[in-house]
Peer 1: 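Questions regarding the structure given below will be posed in turn.
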Protein chains: 2
Amino acid sequence: MGARRATISDVAREAGVSPSTASVVFSGKTPVSTQTRARVLAAAERLGYSGPDPRAASLRTGRSGIVGVVFEEHLGDTFLDPVKTVMMDGLADAVAPLGAGLLLLRDHDPAGVGASLTTAPLDAAVLIGCSGMLRESLSVVHTRGIPVVVIEGDAGADVPRIDLDNREAQRQAASHLRSLGHERVVVLSLPIRTDWVPGWVPETAGIEIDVTRERRDGARDVFPAAPVYAAAASSIDEGLAAGRALLADPATRPTAVIAQSDLLAAGVIRAAEEAGLDVPRDLSVTGFDGIEVDGLAPYELTTLVQPAAEKGRAAGAAVAAMLDGRDAASIRFTCAFREGNTSALAPGAAPPASGPVDSGG
Amino acid sequence: MGARRATISDVAREAGVSPSTASVVFSGKTPVSTQTRARVLAAAERLGYSGPDPRAASLRTGRSGIVGVVFEEHLGDTFLDPVKTVMMDGLADAVAPLGAGLLLLRDHDPAGVGASLTTAPLDAAVLIGCSGMLRESLSVVHTRGIPVVVIEGDAGADVPRIDLDNREAQRQAASHLRSLGHERVVVLSLPIRTDWVPGWVPETAGIEIDVTRERRDGARDVFPAAPVYAAAASSIDEGLAAGRALLADPATRPTAVIAQSDLLAAGVIRAAEEAGLDVPRDLSVTGFDGIEVDGLAPYELTTLVQPAAEKGRAAGAAVAAMLDGRDAASIRFTCAFREGNTSALAPGAAPPASGPVDSGG
DNA sequence: TTGTATGCGTTATCAG
DNA sequence: CTGATAACGCATACAA
């Protein structure tokens, strides 16, 4: 093997054309005669040339074809969440036409080593739910002059933002429960801050995580006095543990649980089964997300279906727009209420006059 | 807003030093006097210079700090599998010290658009379980002269390979069951090829997917006549559906199911519960992977714990070695057998003489 | 349709 | 410790 890789100039020389002609053969930006193209391709073949060096090309064009996706947690934790997974899929779809790929970046880079917002050759960045380091990440990206989009976070007016109307959505589920006659309702929430230990949330406690707060507010719009129990994470096991705590005392047991995620809801259902309660006869449970919870059949959650893939695609579209010099608008998606078989008339309640579903607030 | 971003030369000029000195301040590759450093940093601050342009730097150094990870499926499908998720985490950890990040690449790029092995500025590539397009991907990477590592796949002798001794592992679980007196055993396998429809696998059918075949062979080493039922995917729901089929007829019902993944095993357990069978009294079930199956408590699967994170880290280490000019060896990991509470003495069998666990084969 | 010239922003090398 | 110089490999404006 030669000491050095062939460059486009080598190919051009071998083919007897100029470098620019050879370049054009590969980029296709300008018409080239069939003959010339064939000669160049043949020369490339002979020299084992596999196309323009992306590094050099990106310096020249100013585009690397890479969109950074910044997470605040470990990848494993992130992808455990089906919603994020689906969202990533949507995002990947949306940036593909751009000729771009997704670079996984961790917000909290332990040693300051590793690819980061500052050192990676990014065309754009997507920040996902980065509540904490958000400001820092933003300033980095801003001084680098890189277009940025935020999903589920607030980065100020000049940064396009893709999110959900969590409050309105959660309000719908709560209204649904109220119309079914429920009064003793508890909210099983996502963590209220990082490193949260599962337990009741005091009224005086501030809720640092936006999603958690917004959904709680939605529930409170309908049930102002509903207590909030926050889990440590969104998983069936966490939901199960919380459910046990919630259902432990028959005297104070709620007739409905508003869970802030489908996984938590699934856990509550398991806890109810354990406690010998029938869902939805003895206990109604609502979820949030609208994912397929593997293994939950035959239950079909009453839940809010969030357009996860759409969110990803919207973020991709926003990136595309900004890269194109246009500016991108923020988008707030709404969730679709879906009634499953995990919610029913409150025990002892009279049927509502106007049917079980009432999404008025 | 200047018309143009500041470059390192601008900073150098502003600071009254040479470009090379300014460069060194940022790279830290050579000692610089405290004074000079301060002047340069101050100048950078004034000009809003956020550090060297990664594109230009990568052209010069030949390193982009990007490791491509090639999947054969949609991201969503990939990350649904907890094992892959954990593996990615290990991989991310291992490449971070390299100053590198992970670029998600899809093997099967529909339109030929999108970042790809050919067009992305990669330092190295990791191919994951790419059975189909493997050869093609390899040749691309090879002519580009990019170091490559394969996880769960065979890319020939000169490509480092990280995988599992699936056959030996599965043999252990099978031996365990045999020592418990099981004789009517069925293998619930992963798909035998892409687009597989769930069902019994005829003896004449070729098993295209290596992992599936190797695990089946391990089971067959102990139970040569065990029939194989292949699911369409690795999930609880698929396991449930398969379990129903497997347990439908009391006359031919197996006393043990060797599932090729923990998720499938969890599904079989649900199917058993549905059928009024007690696990492990009436039916033993073994899994494969050793993940935490969310919501499976109080069951703890008897399973093979595979070192998923280690696999990722090993791949990262191999990449690091190759980037360093050393060559990387292939590694075959072994699984640890873990006895949970989902396997027990076969109905009507006498206790074994030598204790329940026997890994001889 | 093809060729010529130029610079993208950096960093390695080497001399001072 | 600092500075001058020379690539790195390519894509574009422009001329032919």
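To find a chain, count down the sequence lines: A is the first, B the second, and so on, and within it residues start at 1.
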Peer 1: Can you measure from CD (A:Glu310) to CZ (A:Phe333) and round to the nearest 0.5 angstrom?
Peer 2: 5.5 Å
Peer 1: D:dT2 P sits how many Å from B:Arg13 CZ, rounded?
Peer 2: 19 Å
Peer 1: Which label fits A:Phe71 and A:Phe79: parallel for a plane angle under 30°, tilted from 30 to 60°, or perpendicular past 60°?
Peer 2: perpendicular
Peer 1: Starting at the 5' end of nucleotides 7-16 of chain D, put B wherever the base has a protein heavy atom under 4.0 Å, S where only the sugar-phosphate does, and a dash everywhere else.
Peer 2: BBBBBB----
Peer 1: For the helix from C:dT1-D:dA16 to C:dG16-D:dC1, what angle lies between the axis at the first five pairs and the axis at the last five pairs, to 10 degrees?
Peer 2: 20°
Peer 1: Report the distance from atom CG of B:Asp53 to atom CD1 of B:Ile8, rounding to the nearest 0.5 Å.
Peer 2: 10.5 Å
Peer 1: Would you please name every residue forming a side-chain hydrogen bond (donor to acceptor under 3.5 Å, both in side chains) with A:Arg193, sequence neighbours left out?
Peer 2: none
Peer 1: Does the pair B:Arg161/B:Glu152 count as a salt bridge with the N-to-O cut at 4.0 Å?
Peer 2: no
Peer 1: Quick one: B:Arg55 CZ to C:dT11 P, roughly how many Å, whole number?
Peer 2: 14 Å
Peer 1: Does a nitrogen or oxygen in the side chain of A:Ser33 sit under 4.0 Å from OP1 or OP2 of C:dT2?
Peer 2: yes
Peer 1: For a side-chain hydrogen bond (donor to acceptor under 3.5 Å, both in side chains) check, start with the C-alpha distance between B:Ser33 and B:Thr36, then their side-chain angles and the critical distance, and finish with the verdict.
Peer 2: CA-CA 5 Å; B:Ser33 79; B:Thr36 315; 2.5 Å; yes
Peer 1: What is the distance from atom CD1 of B:Ile66 to atom CG of B:Leu105, rounded to the nearest 0.5 Å?
Peer 2: 10.0 Å
Peer 1: Looking at D:dG3, I'd like to know if its phosphate oxygens (OP1 or OP2) sit under 4.0 Å from a side-chain N or O belonging to B:Ser18.
Peer 2: yes
Peer 1: Supply the atom-to-atom distance B:Lys84 NZ to B:Met87 CE, rounded to the nearest 0.5 angstrom.
Peer 2: 7.0 Å
